[in-house]
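Per chain, numbering begins at 1; letters A, B, ... match sequence-line order.
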Amino acid sequence: MEKTKSQFCRLLMLIAVVCFALDVSAQTTVSGHVKDDTGEDVIGASVMEKGTSNGTVTDFDGKFTLQCKSGATLVISFIGYNPQEVKAKDGLEITLKEDVAQLNEVVVVGYGSMAKKEISSSVVQISKDQFNQGAASDPMALIAGKVAGLNVASSADANPNAMTNIQVRGAGSLTASNGPLVVIDGIAGGDLRNIATQDVESITVLKDAGSAAIYGTRGANGVILVTTKKGSGTAGVTNVTYDSYIAFNVQKPRVGILSTDEFRRSRRGQDYGADTDWWDEITRPVSYNLNQYLSIDSSTKNGYFGLSVNYKKGNGLDIVSGREEYGGRFVGEQRVLNNRLQFNSSLSVRKVHEEWGNDGLFDTALTMNPTVPVKNPDGSYYQPNSPTDIHNPVNDLKENVSQGDRIYLLGNADMKLNILQMEQHNLNTSLSYALQYNDLKDNFYTPSTSSESFWNGYAGRARINYQKWWTNRLEWLVNYTLTLSEHQLKAVLGYSWERSKWEQSGNENMGFVYDALSYHGIGSGSYLRDGKANLWAGSSESTLIGFFGRLNYNYRDMIFASASMRREGSTKFGANTKWGNFPSGSLAWEITKAPFAQSLAQAFQSLKPRVSYGVTGRSDFNAYQSIATYSTRGAYLIDNQWINGYAPSLNANPDLAWEKSTAFNVGVDFVALNSRLRGSVEYFDRRSKDLLYNYTAPQPPFIYNTILVNVGTTKNTGIEVSLDYDVLAKKALKWTTGINWSMGQTKLTKLSSDAYQMAYLDLYQKPGPGTSEYFFRVEEGGKIGQFYGYEHAGVDENGLLLIYDNKGNAVPAAQADPTYKRNIGNGAPKHFLSWSNSLSYKNWDLSMLFRSALGFEIFNMRKYGMGLKGSGTDNVLRKAYTDYADVESSGGIISSYFLEKGNYFKLDNVTLGYSYSPKSRQLVENLRIYLTAKNVFTLTGYEGNDPSIVTSTGITPGIDSNSAYPQATNITLGVTVRFH
Amino acid sequence: MTTHIYNKVVARVCSFLLPLSSFLVTACTDLDEKVYDRIDAGVYYQNEASVKGAVAAIYGQTSQTLAGENFFHLSEYPSDQITWRVWNAGLWGWDEAMKTVLSWHNWTSESTIINNAWNGAWTAIGLANLLLSDLEGLSAAGLGMSDAQLAQYVAEVRTIRAWNYYCIFELWGGALPLNTSASSEVPGTADPDWNTSCKKIYDFIATELDETVNALAKDDANHSMVNRANQAMNRLLKARLLLNAEVFIGESHYDECEALSKEIINGTYGNYAIDENYRNLYSMDNVKSPEVIFALAAEDGQGAANAISNVRTMVGMWYGYADYFGQSYDGIGAWNCVCLVPSFDNSGTVLPTGGTTGAKCFLDYGDKLGAPYERFDDRDIRKQNYTYDAATKTHGPGMFLKGIIRANFGTGDVLKADADRDGQDLVYVDQLGTFLNQGRELETVMSPRWGETNSGVRLVKYPLYPNDEQGGFKSIDDVQFRLAEAYYNVAECEMRKGNYTEAKNYVDAVRARYYTTSDRSSALSIPGPGFTQFDMDWMLSEWGKEYLGEGNRRRTDLRRFDKFTQGQWWFWGRATEDGISLPEKRDRKYEWYPLPQTAISVNPGLIQNPSYQ
């Protein structure tokens with residue numbers, strides 16, 4: 001034992017000798033002074049010895065001293081300024097120039113970072129100072145409207161438990177997710193709800209396969225890289241930041257339905273004698289959102305640390321929704337052995353309590369008979385028992401307990417060894433371990449007096465379900481940089497092992513004597529005694545393994561090239577298809593640097609065409625789909641005992657694999673007019689093949705009628721334009737305006753293979769009893785998002801809707817034959833547009849963000865369900881008796897009568913801010929107060945809900961739900977104070 | 001550091017690293033899937049319990065499928081007794097005509113219901129094929145069982161598989177492929193020649209039943225095998241096959257059918273007898289009834305109880321049904337779209353509660369089919385509203401709901417209707433039409449496209465009663481084979497030979513129980529409403545009355561008497577629909593169903609029924 005130990009020490013020594021053997025040059029001390037081009041001292045500028053992690057920052061007078069190798073090159077940089085390289089000598093005087101075009105801004109990319117100018121693929125980074133202001137449900141709301149081709153949609157802003165839906169460049173997949181891969185500080189698959197929005201430093205969107213292919217089987221929908229704050233930049237300085245807001249959601253005008261009096265006169269239903277405003281009963285006019293945040297950041301010569309705490313509390317516009325969060329986060333770095341060895345770690349923990357409402361009850365409240373009382377004279381809840389009003393929504397909301405408790409944890413420990421730190425060669429390797437853990441315990445109780453108990457014949461139901469998800473990741477990276485006078489080569493090699501596990505356990509019981517016990521007394525229900533209680537558990541595991549590498553080449557800041565490769569496999573893939581390769585390549589040419597382009601350089605500060613190509617995948621399907629297994633299925637009485645049946649879990653597919661997407665991107669980035677105009681234009685063509693879908697399996701021989709197979713292909717094309725222009729760039733008054741425009745569509749190019757045939761896909765079944773109609777039919781060659789139904793042909797004398805038959809005749813809806821159906825519109829917006837403006841005058845700033853979506857239709861479900869005199873609901877829209885009075889009923893069919901143009905233009909966000917920096921900067925460094933209004937107004941011809949809340953992502957867009965969450969204008973008052 | 005030490009270190013390091021690195025290389029690339037919440041198929045069969053588990057899944061699936069809704073839809077709506085009618089101004093239950101096409105006899109291969117029936121039956125057959133194939137490789141001893149035990153399980157599974165085949169053979173005839181293999185190879189097609197193909201399936205079913213009957217258990221005095229495939233169930237299924245042989249393969253096997261049915265009656269395959277109280281067949285203790293040969297087991301909260309009760313109990317119920325049955329709601333959706341085919345047309349004066357006075361009965365049109373409610377003799381004890389006496393825990397003899405419906409089995413307040421008659425008194429009329437002129441003006445005879453919430457008499461054959469009594473109605477087993485069928489088999493075979501008296505004797509042996517002692521002899525002496533003699537039409541009607549609403553038999557009965565597309569009832573030739581033809585006689589192509597289009601699209605080897613090509 002002793003011997004082994006000594007041998008091990010020797011091994012360590014050997015490694016140490018190898019590492020330090022190269023560190024032999026003579027050391028010298030240099031000092032200097034850094035100013036900007038107006039002569040002001042630059043405080044906190046970074047001074048680094050090139051190729052090393054040795055460096056310092058300037059002090060309050062802009063001065064620095066640094067020990068470095070004699071003859072070394074120093075790199076002086078500061079955010080917003082072009083970095084400068086100088087030979088190390090004593091008494092340096094450096095003047096930094098403002099980087100208007102921000103070409104040197106550091107952009108985070110997969111497994112590394114690059115200067116913006118070096119990027120040869122479609123990558124957009126939005127930094128903290130460009131974020132949307134005001135209350136944000138999750139970090140993605142910070143960049144809504146900021147990136148062309150990124151759709152950040154929120155359908156229920158005023159619901160504290162709702163998140164945004166995100167999609168990059170349209171939907172390409174049918175059953176896999178169309179959401180991008182989210183990577184938080186290098187950890188893939190992180191949960192955005194884990195992060196305080198104030199902790200986010202920047203968000204990068206990898207739009208094309210050139211940049212996303214390094215994420216292999218998960219990169220096909222684009223990648224979102226979220227980078228959080230690290231320590232303060234200045235060594236020895238500790239910053240304390242207080243960044244908080246309070247927001248109010250003010251309910252927008254409600255839907256116009258018949259008043260009680262009008263309802264009586266309409267004789268729509270029985271008169272129960274009461275006068276109930278159901279909407280009023282289940283909603284509140286104003287809800288609030290409080291977000292408190294405090295952070296401490298500090299840097300030392302050899303590292304940094306940061307600590308933040310966050311508290312959030314809010315309620316919803318329905319009377320029960322609520323959310324409370326406690327979050328804490330630590331991040332630290334320590335460099336030792338003369339920067340040879342570097343330790344990084346971070347830990348983020350958040351506890352959340354959620355109270356859940358029930359969106360379906362908004363529809364109930366609108367359609368419910370207003371003469372029905374909320375309560376009986378004896379104080380108990382009135383229980384309707386007609387099929388159209390089966391729930392008393394007030395009873396359901398107030399008496400049911402529906403809530404969840406979550407814990408989010410994200411931790412990372414990283415050890416990095418800087419093997420070579422020289423001007424020409426830089427080599428390091430790192431090993432990191434990350435743990436991501438979420439859990440959710442959801443509790444439900446409906447008392448014996450509830451509608452559910454009434455309709456199901458039991459006295460109360462309790463349900464507790466506990467789920468947890470965790471991912472262990474081990475990653476090993478090697479980075480190498482070779483810098484020659486005209487060539488720079490950066491290489492990264494890596495290995496990643498990631499195991500994800502899910503577990504669930506739950507139970508349900510009915511029949512309780514004491515409602516007061518709520519779900520806590522779940523064991524006391526009579527159904528357990530009777531053997532009718534439910535108990536379940538589940539567990540699955542999958543492992544993803546990847547080997548990857550990337551090479552970036554820079555020739556004189558003129559030619560930029562990048563190539564990457566990932567080889568990745570997953571346990572979920574079938575035995576015959578375990579591993580896949582995901583290559584990419586991209587090339588960019590900075591024309592202004594070309595010798596012949598001198599004249600061009602007058603007009604353009606940068607003109608960089610670029611092209612990229614890459615292969616990515618989608619693999620977010622469940623485990624255990626490719627192997628033959630048995631699960632319980634049904635039960636039968638054998639020998640006087642109920643025996644659990646066991647049968648194959650599903651039709652296994654040993655060829656199951658990832659969806660494969662190949663994408664081509666061509667674009668040009670430019671900076672012109674003395675850097676006042678900045679922008680990019682690009683075109684992409686993304687083809688996804690081997691799309692997963694649950695196809696009809698041939699029966700016989702298959703046991704079940706569906707099987708998950710890779711068959712279909714889609715083609716996704718589009719154009720994106722992004723422009724920023726400094727209209728006014730004077731010292732006192734500044735105005736920058738920007739436009740993001742994207743246009744695109746997805747076509748289904750193939751749906752059948754030799755073995756699996758499908759003529760079309762029917763998607764999104766119409767809600768309601770006894771229905772088999774679907775809103776969408778996608779055929780080969782057709783677009784995703786196409787509505788399929790009958791074409792409206794007017795109204796007959798009896799107020800019945802007419803439709804066109806196949807001969808072009810108008811026939812009553814009652815004679816609708818499915819063969820008359822056709823494509824009647826498209827629910828996916830063709831154009832997304834956003835227009836941002838930021839103005840500043842002295843200490844004041846004003847920003848405005850307008851957003852628009854154009855070229856699509858929305859199916860007005862509310863009009864369909866409760867908008868006509870003959871609607872099956874008790875109450876209806878008031879318009880049924882005014883605007884739509886000529887129509888009696890919908891005929892129960894999907895007709896283009898209910899499709900309306902969804903085009904809208906809205907003022908999404910307007911923020912007025914005031915910033916103040918005391919001259920002394922003794923205690924308070926900076927103070928900022930802002931007032932934000934969100935969802936200010938929407939201009940649209942659409943008659944239903946605000947079209948911006950209608951789903952625009954995924955493959956079934958454009959259905960305006962009749963149980964949409966109430967819309968609100970959000971007013972936020974926020975303050976940020978930085979102390980030091 | 002000397003070279004010597006250096007070499008030593010290198011050697012040490014290598015000896016340490018080599019196994020580690022080879023371990024790492026495997027671990028670093030290991031992608032075998034580890035299973036947690038399910039069982040690897042390779043290790044499934046361990047002992048008798050695992051065999052039982054696999055057998056239970058087959059019975060469970062068969063219960064879901066054959067006693068489930070799709071087979072009910074396909075069997076009943078195209079026939080003359082039960083209909084799916086649309087209501088609330090033609091809106092509710094229309095459902096793109098999914099069910100209505102069945103009543104109208106204009107379905108296509110795109111029908112969702114046809115497709116669902118296909119999927120469900122092949123799942124049951126697929127599970128059976130897999131089990132039989134897996135057991136071939138295993139020894140009884142290895143599973144800790146005797147050879148006889150294992151043989152009995154195998155025989156059960158084969159019999160149940162044969163029953164599933166029988167039920168889909170009835171639907172698709174010669175278009176049906178035969179598959180007994182458990183491999184994932186897409187099997188060969190049915191024979192291009194329809195008759196050859198029919199013969200192949202027919203022979204398969206017959207052979208399977210004959211080969212397995214002896215390995216099955218004979219039911220005992222305790223009825224311990226009544227929920228399992230037993231000898232009498234096997235034989236009665238065989239008799240059913242023989243009775244329908246003319247439809248299936250164009251061969252007459254009536255004599256064999258009669259002989260076999262008599263064997264069953266005589267107790268060769270177990271002791272059975274006609275139950276004197278027909279209510280016992282459908283009540284909680286029905287498995288103890290001497291008449292019941294095979295019932296699918298049901299118990300609230302277990303297995304397929306919901307799927308089974310859904311069809312046999314909830315069909316015809318309305319949203320407020322709980323108030324009539326004095327119970328709280330218990331979570332199964334009511335099927336207000338289903339009612340009996342109306343016995344009367346819509347002529348006469350419209351009443352405010354729906355229906356008319358002075359309507360004409362379809363019996364008076366001379367119809368030998370349809371008019372199911374009026375087809376019952378007024379003295380028949382079943383022809384009353386269903387009641388239940390909580391004090392004595394007995395069901396009243398009635399099995400219908402007609403007229404004004406009052407809470408608590410007709411004793412309380414008048415119940416209210418909903419939808420098109422929201423808030424009005426609930427009054428079921430034996431007529432079907434738009435008496436409020438909603439959706440379409442009232443016509444003398446209307447097809448099921450145009451009903452109202454009050455249209456149609458409702459059937460309560462399997463009882464409903466307060467669900468805190470007797471363990472709840474969902475726990476009643478579902479009778480699929482009972483002795484009455486053997487009697488009616490004999491009766492029909494005799495009738496076909498012209499022996500009317502002998503036929504009547506066998507029918508009377510069953511139906512005598514429906515009349516009080518005082519009414520019995522006079523009631524049995526006449527053929528009943530709509531008939532003047534004991535003939536083939538009467539025989540068919542008796543089949544209908546005995547098995548009303550039982551879901552699995554009507555279509556073959558009509559087919560055997562060639563009335564399915566050629567018979568006359570209700571709206572045929574009397575009502576009109578825009579763009580839809582409702583002729584007195586239908587196209588014979590509707591005798592068999594088409595293969596579902598989706599099945600053909602994934603297996604181009606299947607041959608569509610030539611009539612639908």
Side-chain angles (χ1 to χ4, degrees), chain A residues 7 10-11 14 269-270 385-387 454-457 497 531-532 537-541 543 545 569-571 578 623-624 627-631 633-638 642-647 649 696-705 756-757 770-773 814-815 818 870 872 889 892, chain B residues 9 12-13 28-29 31 33-41 44 52-57 59-61 88-91 93-96 98 112 119 122-123 126-127 130 179 181 183-187 227 297 301-304 319-320 328-331 418 422-423 467 578-579 598 601-603:
Chain A
Q7 293 288 3
R10 281 184 193 157
L11 177 65
L14 189 73
Q270 203 181 336
N385 61 355
S386 93
F454 175 77
W455 283 96
N456 292 283
W497 180 94
K532 295 194 290 182
S539 178
S540 72
E541 177 187 285
T543 307
I545 295 175
S570 166
T571 51
K578 278 289 182 204
Y624 312 143
I627 51 170
T629 57
Y630 274 66
S631 297
R633 185 184 171 90
Y636 198 73
L637 190 72
I638 296 181
W642 280 93
I643 305 288
N644 266 332
Y646 282 89
S649 316
T696 301
Q699 271 184 299
F702 283 103
I703 291 176
Y704 305 119
N705 63 329
Y756 293 97
Q757 307 273 321
T771 177
S772 60
E773 254 193 310
Q815 286 169 41
S889 97
Chain B
V9 168
R12 286 278 174 182
V13 169
C28 287
T29 57
L31 289 179
E33 203 159 17
K34 197 170 172 193
V35 184
Y36 286 96
D37 57 5
R38 50 202 78 195
I39 305 151
D40 194 310
Y44 175 75
K52 266 190 190 177
V55 171
Y59 275 111
Q61 180 64 40
N88 201 13
L91 298 178
W94 170 238
D95 201 5
E96 296 208 296
M98 193 159 89
T112 312
N119 295 344
W122 283 114
T123 297
L127 291 173
L130 182 65
N179 181 54
S181 149
S183 91
S184 61
E185 288 292 302
V186 178
N227 295 131
Q302 297 283 8
Y319 292 98
S328 58
Y329 300 88
D330 89 334
D418 56 20
D422 188 29
N467 59 4
D578 303 321
T598 48
S601 72
V602 289
N603 181 359

**Report entry** Pairs of heavy atoms under 4.5 Å with chain A: top-ranked of B/S181, B/G423, B/S184
**Finding:** B/S184
Requested in this report: Would you mind checking which part of B/T123 comes under 4.5 Å of any heavy atom in chain A, side chain (CB onward), backbone (N, CA, C, O), both or neither?
Outcome: both
Query raised in the report: Do the non-hydrogen side-chain atoms of A/Y624 and A/T571 ever get within less than 4.5 Å of each other?
Result: no
Report task. Please look at B/E185 and chain A and tell me whether the side chain, the backbone, both or neither of the residue comes under 4.5 angstrom of a heavy atom of that chain. Result -> backbone
Report summary line: Of the listed A/P698, A/G645, A/G634, A/P700, the one with the largest count of heavy-atom pairs under 4.5 Å with chain B is A/P700
**Report entry** Distance (rounded to the nearest 0.5 Å) between A/S539 OG and B/R38 CZ
**Finding:** 9.5 Å
**Report entry** Per-residue contact mode, A/A623 against chain B (heavy atom under 4.5 angstrom)
**Finding:** both
Report task. Under 4.5 Å heavy-atom distance to chain B, tell me which part of A/K578 shows up: side chain, backbone, both or neither. Result -> both
Query raised in the report: Non-hydrogen atoms of chain A under 4.5 Å away: do they reach the side chain of B/Y59, the backbone, both or neither?
Result: both
Requested in this report: Tell me, for B/A89 versus chain A, whether the close heavy atoms (under 4.5 Å) come from the side chain, the backbone, both or neither.
Outcome: neither
Query raised in the report: Any side-chain heavy atom of A/P701 sitting closer than 4.5 Å to one from B/W122?
Result: no
Query raised in the report: Do the ring planes of A/Y646 and B/Y44 sit parallel (below 30°), tilted (30 to 60°) or perpendicular (above 60°)?
Result: tilted
Query - Top of B/G126, B/G53, B/S601, B/A54 for chain A proximity - count of heavy-atom pairs under 4.5 angstrom - result: B/G53
**Report entry** Nearest atoms (heavy-atom pairs only) where A/T696 meets B/V602
**Finding:** O-CG1, 3.0 Å
Query - Spacing of OG belonging to A/S649 relative to CD1 belonging to A/I703, to within rounding of 0.5 Å - result: 10.5 Å
Report summary line: Rounded to the nearest 0.5 angstrom, the OH-CG distance for A/Y630 and B/D40 is 11.0 Å
Report task. Name the region of B/N119, side chain, backbone, both or neither, that has any atom closer than 4.5 Å to a heavy atom of chain A. Result -> both
Query - Most chain A-contacting option - heavy-atom pairs closer than 4.5 Å, from B/A41, B/G90, B/A304 - result: B/A41
Query raised in the report: Looking at CE of B/M98 and CD of A/E773, how far apart are the two atoms once the value is rounded to the nearest 0.5 Å?
Result: 11.5 Å
